[in-house]
Each structure stands twice: as C-alpha cells, then as structure tokens.
Undergrad: 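The structure is given below, and queries will be raised subsequently.
Just so it is clear, the values below take in all heavy atoms, side chains as well, and ignore hydrogens, waters and symmetry mates. Residue numbers start from 1 in every chain, and the chains themselves are labelled A, B, ... in the order their sequence lines are given, proteins ahead of strands.
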There are 2 protein chains.
Amino acid sequence: MPEPAVTAEAVFDAAAAMIELDGVDRFTMRGLANRLNVAVTSIYWHVGGRDKLFDGLVDRLLDEMAHLPMTGDTAVDRIASLAHAQRRLLIQRQHLLAIAHSRDTTPKLFLPVQRALAGQLAELGVTGADAALVLRAVEVHVISSAVMQFAAVRGDKHDEEDPSLWTDDWPDRALVEALQSPTDYDAVFTYGLQALLAPLRAGQPDPTDDGGVTA
Amino acid sequence: MPEPAVTAEAVFDAAAAMIELDGVDRFTMRGLANRLNVAVTSIYWHVGGRDKLFDGLVDRLLDEMAHLPMTGDTAVDRIASLAHAQRRLLIQRQHLLAIAHSRDTTPKLFLPVQRALAGQLAELGVTGADAALVLRAVEVHVISSAVMQFAAVRGDKHDEEDPSLWTDDWPDRALVEALQSPTDYDAVFTYGLQALLAPLRAGQPDPTDDGGVTA
DNA sequence: ACCTGAACACCGTTCAAGT
DNA sequence: ACCTGAACACCGTTCAAGT
C-alpha cells in the first residue's frame, strides 16, 4: 500500500503558499504541479480544476474568519475590535481575498462574523432591518476597503500625487502636501469605522435617517 | 491615399463595447481583431498590446470623471451629490472599474474629483491634513464600495443567506429575514456616506478623534 | 486508487514580410 | 504608414492508458 505522492491537503497548502508569494496572476496549474513534483493531471484527480482549487482556498479563509477575537468593555467597542480583527486577517490573506473577489464571492465573507455582530447590535437595542443595514454597512466597509487597499498598495508607484493637477496658487499648501504622500489606509479605515459606529454610541437615533443627503 | 482600416479610436471603442457586453474575462485580443475584421497584429500596431489597450480605457474613465455634476445648497450637500454622481458613473462603467482595479490603478480614480472636494471642504473650514483624511475617506468609500458591489451583484446567487448558519432559536426573526434578501448596496452606500459626512454638518469636531475605538 | 503523457483548443506577443 | 501570416511560448483541461 504505497502512500499517495500528494494529498488534497498538500495541494491546497502548496497553492496557498505559491499564491501568497507570487500573487494570483502568476499562479498556474503547471507551476503548482511542478512544485509538487507531479504531473499536472494529478492535481485534477485530487482537487479538480482551477475553479475547484480556488473554491477550496476561499473556504479556508472563511474558516479562519469564524474564529476572530472580539474584546472591549462596551458593545460598540466589541464591534469595532471585531471589525479591526477581520480587517487584519483579510490584509494578511491579501491574495486569498483577491481570489474571493475575482470569483464574485466577496459577500460570503460576511457570513462568519454575522452572528457575532448581530449579537452585539441586539445588546444595543438595534434589531430587525436596522440591524441588517448597520451590519452590512460595517461589513462592506471592512471588506471593500481591504479589497481596494490591496490593489492600491500593489500599485503604490501611482499613488503619489501628480502635482500638475494642482495650480500653484492653490491656497491650502498643507493639503496639497498631505495628498502628495501615499494614503494611510489604516487611518482612513479607522476614520470611516468610527463614523459608522458613532450613531450607535449616543443613544440610538434612527440609522436610516440620511439627513436629507440622498441627492 | 487609402483610408486605414482601423484607427486607435475605433480599437478603443470596439474594446469598450465588447467588455461592457461580455466582461473583461471573456475579452481577448483575437476576439477584438475578429470584431474589427483585421488581423490581431494590426491592433498591436495601433495601440500596442493588452496592457496599453487597458491603460487607454482607464484614461477614458478618468476623463469622464473629470466632468461630474455637483449640486446642492450647502457644501456638505454638494460633496454628497458629487459622491453619488461619481458612484453612479462607476457602476455604469463597471467593467472599466474592474479593469482599473485589476491593474492596481484604483487610486488614480481619486484624482479627477480631488480639487472639487478640496474646494468644498475648504468652505467648511476643513483644511490641511484633516481635509486630506476626509477627502480620502469619501473617495475610498465611493470607489471601494463600487468595486465590491460589482463583484457582489455578479455573484448574486451566493448572496442569499444560508439559513443553516442561524439556529432556529435566534430571537430576532426580522433580522434573519432581512439578511435573507439580497443586500441593497445603494442603501448601504448612502448610510455610510451620511455617517462619513455627519461630523461635517454639526460644527467641525476634530475628524481624527476616533473616540477611542482604535482597538 | 492513483498517476502519467499526449493532445486539444485556446491565449498574448514578436517579427519578418508584404503593399 | 499600415496590415498580414507564421511562429513562439505559454495556458487550462480532457482522456485514454498505465500501475
């Protein structure tokens, strides 16, 4: 009974490692087979084709997100800490996030934290459709900003401002200078999250009241 | 002096139309050449390879964004209306946005609206590094949520909630039901935008004060 | 059950050759 | 200046064949 040369586990591990190293674009079935020292076709037997392989990798990410820490004295703090933890993991798994995005399964990433968020919102008295809206607003903020930061950081060469767009007589020199340096996505994320959670801190004004901004 | 069979303009037009119809993934150089009734290699002479072609398409999107409308009685309303207009255009140009994203040039999309936003923020007395932060928070919100919505809507089959994740004894039946229906991304966007702009409405509290949520 | 090589139908891109 | 076909070096996937 000779041991198999590879297992499905080993295929996923190797694929994840390769992708984390070189990115999704440079990942090929043939390269993976080469790394595992098997024929390409062997991979098809173990895990199926490229799509099945990526499905499996995304499922791994989902599992990881099911065990995120959540700390804090108040419910709002716990929501914020969960959002930060989720974001950190997504940044760490940039390439898996990119895969999920390219496969249009980003909304699946809501699921592992939904129950925890719902529980904290319930503690704040936010329930029903209101809770669904806030929950999704937080998740969209966490995930979409991570998706975008990933692309932005990779293309950081273009992030520096083109000064030619600003006339020299623009009065706010400090602003122009601030825009010249690369975006601090962590700060932007935290600012946005804080804004999203602000209405939850002071009583509970109707979160669906848009203040007439709908334009 | 025979007229050329194709021009660079015509190539870009045809490419944009094809991509808008079938998506980026199904777009190929050979298919484009076929549609134009020329040899593939002719395209290389006119606009260069795939990368150059996509660069050109993204530049077209940038041009479009330079002429967005901005209306409203107050500066905050004008910022909101600009954000909504930018979002609408990005949704309309979903596939071009996807191209920009895949090429890591999403931050470039900030540029065409930066001056207008800076002007309105200045009217509100928000300047310097604070203005840069708010400006980027708004732009990240607009662009990243559009990037994500695009993927989410394409994969809408997965958007419906898996009820098995909720135990039957979860108390908030209305929430579970709300999560079962597909996400209303417009509502989520408006809610987030309103939250981002709220501190600008009532005086100007320090926007970098995170209320201790940094976790 | 596991692994292989050959083969198919694609890609993007280069380049010498035509007019 | 403009357009072509042939050719190169890749892809992912299928399938019959081996053990």
Undergrad: Nearest heavy-atom pair of Tyr191(B) and Ala137(A): which atoms, and what distance?
TA: CD2-CB, 3.5 Å
Undergrad: Would a distance-only check, ignoring hydrogens and angles, find a side-chain to backbone donor-acceptor pair under 3.5 Å from His84(B) to Ala80(B)?
TA: yes
Undergrad: Using side chain to side chain contact (heavy atoms under 4.5 Å, CB included) as the criterion, point out the one residue from Leu175(B), Leu179(B), Val176(B) that pairs with Gln114(A).
TA: Leu179(B)
Undergrad: Any side-chain heavy-atom pair from Leu117(A) and Phe110(A) closer than 4.5 angstrom?
TA: no
Undergrad: Quick one: list whatever passes side-chain contact (heavy atoms from CB on, under 4.5 Å) with Gln120(B), sequence neighbours left out.
TA: Met70(B), Ala75(B), Arg78(B), Ile79(B), Glu123(B)
Undergrad: Mind listing the N/O atom pairs, protein and nucleotides 16-19 of chain D, below 3.5 Å?
TA:
none

Undergrad: Can you list everything that forms a salt bridge (charged side-chain N to carboxylate O under 4.0 Å, His left out) with Asp186(B)? Sequence neighbours excluded, please.
TA: Arg87(B)
Undergrad: Identify, with sequence neighbours excluded, every residue that meets salt bridge (charged side-chain N to carboxylate O under 4.0 Å, His left out) alongside Asp55(B).
TA: Arg103(B)
Undergrad: For a quick test of reading the model, state the closest non-hydrogen atom pair linking Pro107(A) to Ala152(B) and the distance between them.
TA: CG-CB, 3.5 Å
Undergrad: So, Gln86(A) and Glu139(A): side-chain donor and acceptor under 3.5 Å apart, yes or no?
TA: yes
Undergrad: Return the value, rounded to whole Å, for the distance between atom CZ of Arg50(A) and atom C1' of dC11(D).
TA: 9 Å
Undergrad: Hey, can you pull the residues of residues 20-29 of chain A with a non-hydrogen atom under 4.0 angstrom from DNA chain C?
TA: none
Undergrad: Could you give all pairs that pass the salt bridge (Lys or Arg N to Asp or Glu O under 4.0 Å) test and reach residues 27-44 of chain A, with sequence neighbours left out?
TA: none
Undergrad: Under the side-chain hydrogen bond (donor to acceptor under 3.5 Å, both in side chains) definition, can you give me all pairs with a residue in residues 5-16 of chain A, not counting sequence neighbours?
TA: Glu9(A)-Arg60(A), Asp13(A)-Arg60(A)
Undergrad: Cation-pi check, Arg154(A) to Phe150(A): give yes when NZ or CZ is under 6.0 Å from the six-membered ring centre and within 45° of the ring axis, no otherwise.
TA: yes
Undergrad: At a heavy-atom distance below 4.0 Å, what parts of residues 6-13 of chain A sit against DNA chain D?
TA: none
Undergrad: For DNA chain D, find the residues of residues 31-47 of chain A with a heavy-atom distance under 4.0 Å and give them by number; none if there aren't any.
TA: Val40(A), Thr41(A), Tyr44(A)
Undergrad: Arg30(A) CZ to dT13(D) P: how many Å, rounded?
TA: 11 Å
Undergrad: Stem list for DNA chain C, please, built from Watson-Crick and G-U wobble pairs under 3.5 Å and keeping only runs of at least 3.
TA: C:4-8 with D:12-16, C:12-16 with D:4-8
Undergrad: Just checking Glu177(A): does its CD atom have more than 12 heavy atoms from other residues, nucleotides or ligands closer to it than 6.0 angstrom?
TA: no
Undergrad: Who pairs with Glu64(A) by side-chain contact (heavy atoms from CB on, under 4.5 Å), at least two apart in sequence or on another chain?
TA: Leu61(A), Leu89(A), Arg93(A)
Undergrad: Considering residues at least two apart in sequence or located in another chain, which fulfil the side-chain contact (heavy atoms from CB on, under 4.5 Å) criterion with Ala15(A)?
TA: Phe27(A), Leu32(A), Leu53(A), Leu57(A)
